[in-house]
Amino acid sequence: MLDLRHIRENPEAVASALARRGGSIDLAPLLERDAECRRMASEAEALKAEQNRASGRIAEARRSGADATEMLAAMKQIGDRQKALAEQVKTLEELVRNELLLLPNLPDASVPDGGGEADNVELRRVGTPPRFDFVAKPHDELGEALGLMDFTRAAKISGARFASYSGALARMERALAAFMLDLHTSEHGFTEVVAPYLVNARAMLGTGQLPKFADDLFKVTEDDLYLIPTAEVSVTNLFADEVLPGEQLPIRLAAFSPCFRREAGSYGKDTRGLIRQHQFHKVEMVTLVRPEESEAALERLTGCAEAVLKRLNLAYRVITLCTGDMGFGSARTHDIEVWLPAQDRYREISSCTNFRDFQARRAGIRFKDAGGKPQLVHTLNGSGLAVGRALVAVMENYQRVDGGIDVPEVLQPYMGGLKVIHRP
RNA sequence: GGAGGAGUGGCCGAGUGGUUGAAGGCGGCGGUCUUGAAAACCGUUGAGCGCAAGCUCCGGGGGUUCGAAUCCCUCCUCCUCCGCCA
């Protein structure tokens with residue numbers, strides 16, 4: 001959520017920053033409503049003040065045994081007017097807030113302009129894509145040929161975009177997750193955390209999934225809970241409505257969790273294989289920092305995600321998303337894309353974002369600065385990494401001519417020393 | 001799921017309709033004392049909105065009243081007992 005005061009004071013700057021994301025947003029109606037709201041609020045406050053003073057006088061009169069009936073009648077009227085006015089203020093405030101909740105974050109000045117994917121800027125390429133002297137197969141073909149991946153049976157019980165895999169592939173999923181968590185906790189200073197997979201609307205609002213993106217979420221209507229699309233939601237909201245002691249920052253948490261996404265509007269995209277599923281696993285890194293540290297924290301976070309790919313010896317590139325391709329709450333995002341031989345291109349495997357105070361304002365996450373004043377933190381998060389897609393990358397990059405899959409060295413200890421996956 | 005109890009400031013805890021944003025204690029901060037520290041003593045110490053006056057906030061929402069932390073309704077959370085259960 002944007003700072004309403006900042007919009008009031010810099011309407012043109014905000015409008016032009018928002019325009020960089022594409023589309024056009026007219027802030028005038030919002031500002032008018034806000035001004036109207038504040039006019040009425042100060043009127044209501046004046047009435048309330050009068051009421052409070054009179055209340056004191058009535059109390060005094062009562063004590064001294066004087067007659068207060070006249071005052072009572074007068075106050076009744078003022079009270080009614082005050083109440084009506086206050087109600088209108090509340091309605092207006094809610095309206096303003098609801099509009100505010102629909103505004104995306106302001107892109108950082110350093111973010112490249114652009115309308116979509118094509119305008120993203122590549123920062124660096126790391127590693128060399130492997131060369132095969134045979135035609136590289138897609139992971140789903142490899143998996144099914146190995147008899148370890150089954151989309152048909154998964155569809156039987158859950159429909160499209162669900163998968164089942166077994167044996168060494170299932171174990172590799174677990175190995176990848178464990179490897180990632182171990183790396184982040186032992187070398188990158190993250191603390192591992194388990195948090196709820198079902199959360200309430202307040203949490204979804206805090207990180208920005210609601211109210212705008214309800215269609216992307218699975219909802220359990222019976223209990224008014226949502227399945228998390230990423231652990232970012234539960235982990236970040238762990239600190240909602242808190243004022244953290246300044247010395248606790250930075251907070252770095254890593255969480256493994258399943259993620260659930262309806263993928264509404266992605267019909268026909270990535271219909272084969274594990275790339276785009278309704279349910280997948282991800283290790284998520286969440287960082288809470290002081291405002292002046294968030295820029296550096298984004299680079300650090302990106303580096304932590306990259307470290308996983310380096311250890312797995314997978315080729316990747318890092319790109320900065322342009323204004324038109326960034327997520328709703330993002331001020332600046334780096335995507336990491338891993339090389340997929342069968343697709344002959346890089347595909348997203350991690351997204352690292354600096355939200356600045358956008359989420360903190362929605363969720364109410366603050367810290368006490370040196371002066372003892374509560375101030376909004378900056379929040380960041382990044383995939384470290386998407387486990388399903390990491391499995392895809394390993395399968396495709398480590399495939400053998402015989403249809404087997406070599407197990408990356410760093411994963412072997414997690415797989416009982418297994419070096420090659422063959423058809424059982 | 002059933003029965004009962006409770007939700008007050010960073011924490012503990014008083015407060016059952018009238019200057020109570022809220023006694024007291026702990027903790028924090030500042031000071032006195034001390035070579036220094038501890039102890040003791042004194043002072044100070046919530047947040048949001050507003051240029052300010054001022055207004056709001058005692059789990060959330062609603063109601064009664066001139067006036068509510070205090071009364072009523074409702075929801076949520078926690079605790080105890082019973083039931084069920086990975």
Side-chain angles (χ1 to χ4, degrees), chain A residues 1-10 30-31 33-101 194-206 210-211 220-226 234 237-249 251 257-258 288 357 360-377:
Chain A
M1 188 162 65
L2 301 180
D3 182 4
L4 182 55
R5 211 177 337 170
H6 182 251
I7 301 178
R8 250 179 232 148
E9 288 163 10
N10 315 276
L30 169 71
L31 288 171
R33 230 189 298 284
D34 172 50
E36 169 73 3
C37 178
R38 296 205 301 154
R39 266 196 303 278
M40 293 178 75
S42 71
E43 198 182 327
E45 275 180 17
L47 278 179
K48 186 69 185 176
E50 189 182 340
Q51 205 179 347
N52 286 345
R53 280 192 297 271
S55 252
R57 284 198 296 274
I58 291 170
E60 252 174 76
R62 272 262 188 118
R63 257 195 302 275
S64 62
D67 178 54
T69 47
E70 212 170 293
M71 281 195 262
L72 290 186
M75 284 328 291
K76 171 79 177 154
Q77 268 196 326
I78 292 182
D80 286 348
R81 224 171 79 216
Q82 198 283 136
K83 203 176 275 185
L85 209 52
E87 220 163 283
Q88 288 181 64
V89 169
K90 202 175 164 190
T91 307
L92 272 176
E93 266 172 359
E94 223 165 282
L95 255 141
V96 168
R97 180 176 160 78
N98 287 342
E99 286 179 54
L100 222 45
L101 285 172
V194 174
Y197 304 147
L198 287 161
V199 303
N200 57 30
R202 167 84 175 83
M204 288 294 186
L205 198 107
L210 287 179
V220 183
T221 42
E222 180 74 18
D223 298 284
D224 247 329
L225 292 169
Y226 297 84
S234 354
N237 280 292
L238 244 24
F239 304 97
D241 294 319
E242 289 192 32
V243 180
L244 304 160
E247 60 272 17
Q248 244 177 57
L249 299 176
I251 292 175
S257 88
L288 273 58
D357 61 12
R361 184 170 293 108
R362 287 173 166 248
I365 310 176
R366 297 176 294 170
F367 73 102
K368 273 215 164 111
D369 62 21
K373 284 287 148 211
Q375 201 186 329
L376 294 171
V377 302

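Just so it is clear: chains get the letters A, B, ... in the order the sequence lines come, proteins before strands, and each one is counted from 1.
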Whole angstrom is fine here: how far is it from CD in A:E242 over to P in B:G9? 14 Å

Opposite nucleotide pairing with B:G50, Watson-Crick or G-U, both atom distances under 3.5 Å: none

For B:U70, the Watson-Crick or wobble counterpart (both distances under 3.5 Å): none

Does B:U19 have OP1 or OP2 sitting under 4.0 Å from an N or O in the side chain of A:N52? no

Between A:I58 and A:R366, which has a closest nucleotide on RNA chain B that is more 5'? A:R366

Can you tell me how far P of B:C49 sits from CD1 of A:I7, to the nearest Å? 14 Å

Which whole number of Å gives the distance between the P atom of B:U44 and that of B:G25? 13 Å

Specify the closest pair of heavy atoms between A:A61 and A:M71, including all atoms of both residues, with the distance to one decimal. CB-CE, 4.1 Å

So, for A:L225 and A:N200, which heavy atoms are closest and what is the spacing to 0.1 Å? CD2-N, 3.8 Å

Check every strand shown and say whether A:R53 touches a base, only sugar-phosphate, or nothing at a heavy-atom separation below 4.0 Å. nothing

Hey, does the side chain of A:R8 come within less than 4.0 Å of B:G50's phosphate (OP1/OP2), counting only N and O? yes

Rounded to whole Å, how long is the line connecting atom CD of A:E222 with atom C1' of B:G1? 14 Å

In whole angstroms, how far is the P atom of B:A53 from the CG atom of A:L47? 19 Å

Heavy atoms only, 4.0 Å cut-off, all strands: where does A:P374 land among base, sugar-phosphate and nothing? sugar-phosphate

State whether A:R39 and A:E36 are salt-bridged, where the test is any N-O pair (Lys NZ or Arg NE/NH1/NH2 against Asp/Glu carboxylate O) under 4.0 Å. yes

If I compare all heavy atoms of A:R361 with all of A:M1, which pair ends up nearest, and what's the gap? NH1-O, 2.8 Å

Would you indicate, yes or no, if B:U56 has its OP1 or OP2 atom less than 4.0 angstrom from a side-chain nitrogen or oxygen of A:K48? yes

Whole angstroms only, please: what is the CZ-P distance between A:R202 and B:G60? 13 Å

Nucleotide opposite B:G30 in a Watson-Crick or G-U pair, distances under 3.5 Å: B:C42

Mate of B:G7 across any strand shown (Watson-Crick or G-U wobble, both atom pairs under 3.5 Å) is B:C76

Report the distance from atom NZ of A:K373 to atom C1' of B:U45, rounded to the nearest whole Å. 10 Å

Take atom C1' in B:A68 and the same atom in B:U8, then report the distance between them in whole Å. 14 Å

For A:A49, answer base if it contacts any base atom (sugar-phosphate contacts may also be present), sugar-phosphate if it contacts only those atoms, and nothing otherwise; contact means non-hydrogen atoms under 4.0 Å. sugar-phosphate

For B:C57 and B:A39, measure between their P atoms and round to the nearest Å. 39 Å

I need the CG-C1' distance between A:L376 and B:G48, as an integer number of Å. 12 Å

Near A:R81 CZ, under 6.0 Å, is it more than 12 heavy atoms from other residues, nucleotides or ligands? no

In whole Å, measure the gap between the C1' atoms of B:A69 and B:C58 for me. 5 Å

Using the P atom in both, what is the distance from B:G54 to B:G62, to the nearest Å? 27 Å

Complementary nucleotide for B:G17 - Watson-Crick or wobble, under 3.5 Å: none

Among A:L376, A:D3, A:L2, side chain to side chain contact (heavy atoms under 4.5 Å, CB included) partner for A:D357: A:L376

Quote, to the nearest angstrom, the P distance that separates B:A6 from B:G83. 24 Å

Could you state the atom-to-atom distance from CG of A:L225 to P of B:U77 in whole Å? 10 Å

Return whichever of A:Q51 or A:K90 has its heavy-atom-nearest nucleotide of RNA chain B closer to the 5' end. A:K90

With both distances under 3.5 angstrom, what nucleotide forms a Watson-Crick or G-U wobble pair with B:G24? B:C12

Using the P atom as the reference point in each nucleotide, state the distance between B:C71 and B:U19 in Å, no decimals. 16 Å

What verdict does the side-chain contact (heavy atoms from CB on, under 4.5 Å) test give for A:N237 and A:V199, after you've listed the backbone C-alpha separation in whole Å, the side-chain angles of each residue and the deciding distance to 0.1 Å? CA-CA 10 Å; A:N237 280 292; A:V199 303; over 6 Å; no

Does B:C84 have a Watson-Crick or wobble partner in any strand here, with both distances under 3.5 angstrom, and which is it? none

Interatomic distance at C1', B:C11 relative to B:G5, whole Å: 22 Å

Check the phosphate of B:U19 against A:R57, side-chain N and O only, distance under 4.0 Å to OP1 or OP2. Yes or no? no

